[in-house]
Amino acid sequence: MRISRYFLPTERETPRDAALSSHKYLLRGGFISMLSAGIYDYLPLGKRVLDKIRSIVKDELDKAGCLEVSLGFVTPSELWQESGRYRKYGKELLRLKDRKEGNFVLGPTHEEVMVNLVRGRIGSYKQLPINLYQINLKFRDEARPRFGLLRGREFVMKDGYSFHATEEDMLREFHLMEEVYKRIFRRVGLDFRVVEADSGAIGGSGSKEFVVLTDAGEDTIVCCEACEYGANIEAAKRAKPVYEEAASAFNGLIETPEIKTIEELSGLLNLPKHKFIKAVAKKAIYDRGEKVCLFFLRGSDDLEETKALNSVSANELVDLSEDDLKRLGIAAGYIGIDFPPTPEVLCVVDNELKNEVDMIGGANRDGLHIGGVEVGENHVFADLIAVREGDICPRCGRRLAYRSGIEVGHIFQLGTRYSEPLNARFLDENGRTRPFIMGTYGIGVSRLIAAAVEFSHDEKGCVWKESIAPFLVYLIASNVREETQKSAAEAIYSQLLHEKIETIYDDRMAGFGAKMNDFELIGIPFGLIVGKNIEQGYVEIVIRKSAEKIKVGVKEAVDWIKNQMGKEEQ
Ligand code: ATP
Ligand code: MG
């Protein structure tokens, strides 16, 4: 491809709102252009990277027996009503009407549509299992679209759905997909971790995320320093800490006027924070109505909102003010674990408090706490705590640490979460009808472009891995006005094309410096420079990643590159 004929509007200036390297270099390098917040156009260079990633994903999935389909993007709302997600999904779901007042949504994920495609068409266990996928546009009206392709509103996802007759078969496919995903991310050239995850709005049990570890990531991952354990903070577990003995010597009511926080209490009573039970009050929003939720945990712990949300199966949790609590007759700052739950007020106690004794908590009366609290077992218990750095690994007993990362893939054991409400059933071996048991598997295909740049760049621009680089060679004719240089570059260009080596040829009238800047900004693995040395029969090859420069005889140049191809370490 000749740059003189290409559409490559590179820019020197860093766009104002681009904080991350991937965002900055993809815009400046002429890969993408913003059309509207979270909506991007792909220029020829960006489209080439997108297609490369897409074809790696497709190749590995097809090899694993998955079948590619393409589903409607504009989806009738009825399907979403059938699954119960029409209300539950919230504002990320973009809803629209057609000219006949029909209600539609822009697909943010396609469980409903895929189940609809399969129901009635697959009727027997003999036709199972089947794994169908697409690589297509999604739309999520994200509250904060940002960081370019990392968190868009419109983005490209690979979404796959498998249908099974038994739980075991679904688990087999889930493990297979884990292996296939690992191969995909390795081929894309990324360093990643597979971590335990929360299942979010998609629903279902067991799920794993594939996370690229980079400082720019929005997700907090809890990793063990010693073993393989890793989990998203939303799902991370820890071994129960061993607390130093501190008998409280407080029994019965303790006067604590105006003392409402754990810090103040621990100072006043001279006891460590873990001796206290704190209450966090939230409002839970449901499809129909709202409830107050009181979450109880140790004074030394913090509430993990996603775990809290899951424990009360709500759509959303929002903060409650002291006034809100007062109106409900709840003593803010003094809420105790024996608060009587009602249909309007739910109480959930953290698992680690089960059967604890000699604790101090609120007395459910203004100005009073109570000592000698025994938690017992008669509560609703759930895991509520946010695991901290330095906590103990639940698998091996060593320390846990935080890392930041970018979620690039997510696989779920879905079960019958969608097949049941959508009434998608098959006949089993015994002639009984049963809902399909499903798995679902996603990859952020466009997010991978940004993740790859975050993972591999320097202060000059992108540094693409060969497997997804838009071109392999950036051929520079140093000065196209010099006939010797020009004709040598043209000859090498023909040779490269003949060898089917993907080459972008900088044949512009521009100066050498500008061409080198573009080569570095775009980040093509090899630069091949035809300059003054050509008179002595030499060209120069620049390796983008190491900036190493190698003088090679003009006749050997193409063979040299052919030799290097595929040698890149992952
Ligand atoms: P996140 O937690 O980042 O919002 P999610 O858990 O909602 O993502 P999934 O429903 O699991 O996402 O979607 C599958 C994959 O699609 C994700 O692993 C991610 O790589 C990608 N993805 C999700 N949302 C976006 C987005 N707004 N922009 C780009 N890619 C996205
Ligand atoms: Mg996810």
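Order of listing sets the numbers, starting from 1, for every ligand and every atom in it.
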Below 4.0 Å from any atom of ligand 1, is there a heavy atom belonging to Val408?
yes

Asp198-Thr306 side chain donor-acceptor pair, cut-off 3.5 Å:
no

Any N/O pair Glu209/ligand 1 closer than 3.5 Å:
no

Excluding sequence neighbours, so at least two apart, what forms side chain to side chain contact (heavy atoms under 4.5 Å, CB included) with Leu137?
Phe73, Glu154, Val156

His164: what forms a side chain to side chain donor-acceptor pair (under 3.5 Å) with it, not counting sequence neighbours?
Ser162, Asp169

On the 0 to 90° scale, with breaks at 30° and 60°, tag the Phe185-Tyr181 ring pair as parallel, tilted or perpendicular.
perpendicular

With atom 3 (O) of ligand 1 as the reference point, say which of Arg151, Glu218, His410 has the nearest heavy atom.
Arg151

Atom 21 (C) of ligand 1: which of Gly444, Ala450, Ser446, Gly217 has the nearest heavy atom?
Gly444

Run through Glu389, Glu352, Glu304 and flag the one making a salt bridge (charged side-chain N to carboxylate O under 4.0 Å, His left out) with Arg238.
Glu352

Do any heavy atoms of Leu150 fall under 4.0 Å from ligand 1?
yes

Note: ligand 1 atoms sitting under 4.0 Å from heavy atoms of Arg140 are 5 (P), 7 (O), 9 (P), 10 (O), 12 (O), 13 (O), 23 (C), 24 (N)

In ligand 1, which numbered atoms sit nearer than 4.0 Å to a non-hydrogen atom of Met157?
13 (O), 14 (C), 16 (O)

Taking a cutoff of less than 4.0 Å between a non-hydrogen atom of the residue and any ligand atom, is Gly152 in contact with ligand 1?
yes

Using heavy-atom distances, let me know which of Glu92, Glu154, Glu407 sits nearest atom 18 (O) of ligand 1.
Glu407

Residues Glu218 and Arg146 bridged, charged N to O under 4.0 Å:
yes

Is it the side chain, the backbone, both or neither of Arg153 that has a heavy atom closer than 4.0 Å to ligand 1?
neither

Can you sort out which atoms of ligand 1 are near Glu142, meaning under 4.0 Å from one of its heavy atoms?
24 (N), 26 (C), 27 (N)

Would one find an N or O of Arg447, backbone or side chain, under 3.5 Å from an N or O of ligand 1?
yes

Hydrogens and angles aside, do Tyr133 and Asp62 bring a side-chain donor and acceptor to less than 3.5 Å of each other?
yes

So, is Asp219 polar-close to ligand 1, with some N/O to N/O distance under 3.5 Å?
no

Quick one about Glu112 and Ser83 (side-chain donor to acceptor, distance below 3.5 Å, no hydrogens or angles considered), yes or no?
yes

Apply side chain to side chain contact (heavy atoms under 4.5 Å, CB included) to residues Val312 and Tyr286 and explain how you reach the verdict.
CA-CA 10 Å; Val312 293; Tyr286 291 90; 3.5 Å; yes

